[in-house]
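A short worksheet on the structure shown next.
Predicted model only: the values in this text are computed from it and were never measured. FYI, side chains are in, hydrogens and waters are out, and symmetry mates aren't considered; it's all heavy atoms of this structure. Numbering of ligands and ligand atoms starts at 1, following listing order.
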Amino acid sequence: MVLPDENPVQKLAIISASGDSASFIGLHPRVNLNGKLNKNSFRTIKGGQTFETSIDAAAVYDLTAGGQFEVVAEGILPYASKRKIKGEYTYSTNKATLEVNGTAAAEIKHQLQRRNMLAPDCQQGRAAATYNSLAVCSNLAYVAGVQALSGNADQFHRYFRTKDPNARNTVAKRFFAVADECASRSNKAKTFCTDPRRLCRSDYISYTLGTEITNCDLYWTFPLINRACHGVGQATTTIHEMTHIEGLMNPSTDDFPGHYGWPALSTLPPEQARLNGDNYGFYANAIYTNDPNC
Ligand SMILES: [Zn+2]
């Protein structure tokens, strides 16, 4: 079993005619490999079986200079048994020569930046941190959605105050919408990294306005993922903010006054619990801790 990652992650080595390596412009996801992995992350290959995959090189490398490039696909394929990583194979292909149209490559790079939803104020460290946070947001939200649908009912009840299958379905749908958005599959939200509107206050971690999320200075002081039960991290904060995005899933969530954080969020009636942004961020964190008592 292998993990083919459909996101624009690094899987090729590309050298230009002048001998320079092309720069990587795709995602650098940091994925939690502890515990059981998502079934959809695997593909089963029997002995002698083959599968085909295509990679859009211009979405992963900056090929805007155009001209001839040599391409080698190389990397590692982790394999697993019972959804736990057991080891990895290395692979490497023959060299192929590509003739690249620089203008077309530039258009793909531009689309990718648009798709990745980062505002121009996201530069260097904060851009990289935001890509990581979005990649982890997508993963955590997906797993939380699966658990909301079919996981521990008592745990679901602690956050959403009901075990009703329709409510579980609605919560799961929202998590899947967030997972899609964080993976740049739905293109509704845009993220700012420096608060150009100057709306952050000293105690704001981040805020959402319409379809725009701004991460405030405080956001960058949190860990990407917080392993503690009810802990706050960047990725679960992004999940919370994504549930507010207009048009991602109607109605978008609110922040019910006085129901921010744990345990305040656990006292909302069920109809409000599933419309409160924090309930999503905290449930996703609880699922990540893998502790059914969290
Ligand atoms: Zn909020």
State, to 0.1 Å, how close Asn152 and Gln147 come at their nearest heavy-atom pair, and which atoms those are.
->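 For Asn152 and Gln147, the tightest heavy-atom pair comes out as N-OE1, 4.2 Å.
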Other cluster members, Tyr260 - Ile/Leu/Val/Met/Phe/Trp/Tyr, side-chain contacts below 4.5 Å |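 None; Tyr260 is a cluster of one.
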Provide the tally of protein N/O/S atoms nearer than 2.8 Å to the Zn ion (ligand 1).
->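 Protein heteroatoms (N, O, S) closer than 2.8 Å to the Zn ion (ligand 1) number 4.
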Answer yes or no: is there an ion pair linking Asp217 with Arg126, defined by an N-O contact shorter than 4.0 Å?
->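 Salt bridge present between Asp217 and Arg126.
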Any side-chain hydrogen bond (donor to acceptor under 3.5 Å, both in side chains) pairs touching residues 169-180, not counting sequence neighbours?
->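 Found Arg174-Tyr280, Asp180-Arg185.
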Apply side-chain hydrogen bond (donor to acceptor under 3.5 Å, both in side chains) to Gln155 and list each qualifying residue two or more places apart in sequence or on a separate chain.
->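 Gln155: no side-chain hydrogen bond (donor to acceptor under 3.5 Å, both in side chains) contacts found.
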Could you verify whether a donor N or O on one side chain and an acceptor N or O on the other, from Ser186 and Glu181, lie under 3.5 Å apart?
->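 Side chains of Ser186 and Glu181: pair found under 3.5 Å.
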